[in-house]
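Data block below; observations after.
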Amino acid sequence: MVRLITHNLLACHVKGCTSNNFPLALKDIQIELREAEFNPEFITNILPRLEWHALADAARQVGDTSLPPEQPEMMDDDLLRNLHHVLLEIHIVEGAMTCPNCKHIYPILNGIPNMLLAEHEIG
Amino acid sequence: MSRPELQAPPEIYYGDTEAKKYTTNTRNQQIQADMTYRALELLNMPQSQPAFLLDIGCGSGLSGEILDEEGYTWAGVDIAPSMLQVALEREVDGDLFLQDIGQGFGFRPGSFDGAISISVLQWLLNAETSHPTSSPPHRLNRFFTTLYSALRNPSRAIFQFYPSSDDQIQLITSIAQRAGFGGGVVVDYPNSKKAKKVFLCLFVGSGGGQQLPKGLEGEEDDHVRFERRREMEKKRDRSGKRKPLKDKVWILKKKELYRQRGKEGVPRDSKYTGRRRKPNF
């Protein structure tokens with residue numbers, strides 16, 4: 001299962017695709033919700049690495065509107081819990097991720113994205 | 001028996017049957033677990049700090065389960081679909097990707113707090129096709145440069161692997177250095193044939209500590225002690241009555257193990273089990 005935290009850290013690695021290769025556009029997504037233990041330290045730790053707009057967009061696309069579109073200045077407990085839910089409890093089971101630049105499609109089957117490249121796409 | 005990486009590419013070698021065998025083999029489970037714990041030790045993560053790790057060549061999740069237990073959030077990549085299928089069945093918590101590490105990673109800079117890899121790197125040393133991107137140096141380079149960028153600074157990447165020669169170690173370390181990594185090779189139990197394990201410890205930046213960790217030495221080790229004891233027993237066994245190689249105790253234990261594993265058709269135990277038979281039998 002791909003969680004939104006990993007999707008937020010994933011760009012396209014096709015040869016020559018180095019700009020506008022993030023975030024990967026989600027299509028035909030089916031999700032599954034799975035509870036995960038809330039660890040506020042982990043969330044605060046990972047916050048600086050996240051791309052907020054991409055995260056809020058992805059969350060909205062799969063039906064979760066708990067995150068504000070702009071990254072708030074202060075993170076209170078409620079916000080941390082919402083962030084935890086969006087990052088770690090939403091699992092993408094089926095669908096596809098498309099690179100906005102080179103249009104390469106990474107299909108997701110059974111929760112596992114296929115990141116294999118064709119010979120001419122290897123950097 | 002030749003090494004696995006010389007028999008077939010990993011996605012073919014680890015087909016459905018081999019994936020199941022590999023994962024359910026208790027001896028293998030033990031070895032993989034030991035190496036994972038050792039790799040985490042070498043990774044030197046600050047105590048009890050929640051981290052996001054990358055498991056390179058996560059396979060059927062033997063190492064991933066330990067990452068789960070230790071409280072890490074992780075993502076794993078592997079090229080063998082059958083192994084990933086077993087990992088799904090074992091319900092590991094990490095995100096799994098079907099990926100060829102020789103093609104490089106797509107993760108954004110500084111995504112991971114660290115990386116481990118158990119028994120994987122030797123698979124990168126064979127060329128599957130004659131395309132230039134298939135040559136081991138090209139793949140190793142793509143792998144290490146993209147990994148370097150995907151890791152935070154400072155952090156470490158620990159690789160347990162099975163080099164077949166010093167040349168292989170040399171090739172891997174030189175390409176890793178060119179990619180920007182510091183660190184080096186740590187060898188545990190260098191004098192024991194069975195217990196010897198090679199760990200490539202790569203540092204990004206200072207790697208959270210300048211010193212390369214020391215390899216474990218042989219003296220107090222159970223493995224080495226067992227080897228010495230076995231050699232001594234072999235010398236003693238030369239004289240006297242020939243003791244049956246698989247005596248009754250061994251047979252009973254083995255049958256119990258089969259029953260536990262759920263094997264069908266295990267014969268009942270009786271007074272005839274493992275009884276000495278006349279030579280004419």
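Every chain is numbered from 1, with letters handed out A, B, ... down the list of sequences.
In terms of modelled atom types and a separation under 3.5 Å, the side chain of B:Arg108 and the main chain of A:Asn8 share a donor-acceptor contact. A donor-acceptor contact shorter than 3.5 Å is absent between the side chain of A:His13 and the backbone of B:Thr146. In this structure a side-chain-to-backbone donor-acceptor pair under 3.5 Å is present from B:Gln103 to A:Leu117.
Taken from CD1 in A:Ile122 to CZ in B:Arg142, the straight-line distance is 9.0 Å, to the nearest 0.5 Å. Here the CE atom belonging to A:Met115 is positioned 12.0 Å from the CG atom belonging to B:Asp100, to the nearest 0.5 angstrom. Between the OG1 atom in A:Thr6 and the CZ atom in B:Phe97 there is a gap of 5.0 Å [rounded to 0.5 Å]. From A:Tyr106, atom OH reaches atom CG of B:Leu98 across 12.5 Å, with rounding to the nearest 0.5 Å. Distance check, rounded to the nearest 0.5 Å: CD of A:Glu119 to OG1 of B:Thr133 gives 5.0 Å.
Of the listed residues (A:His91, A:Glu121, A:Glu51), the greatest number of heavy-atom pairs within a distance under 4.5 Å of chain B belongs to A:Glu51. Interface remark: of the candidates B:Gly110, B:Gly106, B:Ala150, B:Gly106 forms the most heavy-atom pairs closer than 4.5 Å to chain A. Comparing B:His138, B:Gln85, B:Arg152 by heavy-atom pairs within less than 4.5 Å of chain A, the highest count is held by B:Arg152. Counting heavy-atom pairs under 4.5 Å between each of B:Ile79, B:Asn141, B:Asp113 and chain A puts B:Asp113 at the top.
With a 4.5 angstrom heavy-atom cutoff, B:Ser134 does not touch chain A via any of its atoms. Looking at B:Ala87, neither its backbone nor its side chain comes within 4.5 Å of chain A, counting heavy atoms on both sides. Using a 4.5 Å cut-off between heavy atoms, A:Asn21 makes no contact with chain B at all. In this structure, the portion of A:Leu88 lying under 4.5 Å from any heavy atom of chain B is its side chain and not its backbone. A:Asn114 touches chain B through backbone and side chain together, each having a heavy atom under 4.5 Å away.
Residues B:Phe52 and A:Arg49 approach most closely at CB-NH1, 4.1 Å, considering heavy atoms. Minimum heavy-atom separation, B:Pro50 to A:Asn45: O-ND2, 3.3 Å.
For a heavy-atom cut-off of 4.5 Å, chain A lies close to B:Thr73, B:Trp74, B:Ala75 in residues 65-75 of chain B.
Between B:Asp93 and A:Arg3, none of the side-chain N atoms (NZ, or NE/NH1/NH2) sits under 4.0 Å from a carboxylate O, so this pair counts as no salt bridge.
For the side-chain contact (heavy atoms from CB on, under 4.5 Å) with A:Ile112, the qualifying choice from B:Asp95, B:Leu84, B:Asp78 is B:Leu84, the only one to do so.
Contacts classified as salt bridge (Lys or Arg N to Asp or Glu O under 4.0 Å) and involving residues 93-103 of chain A (residues at least two apart or in different chains) are not found.
Annotation: B:Glu128, atom CD; neighbour count of heavy atoms from other residues, nucleotides and ligands within 6.0 Å is above 12.
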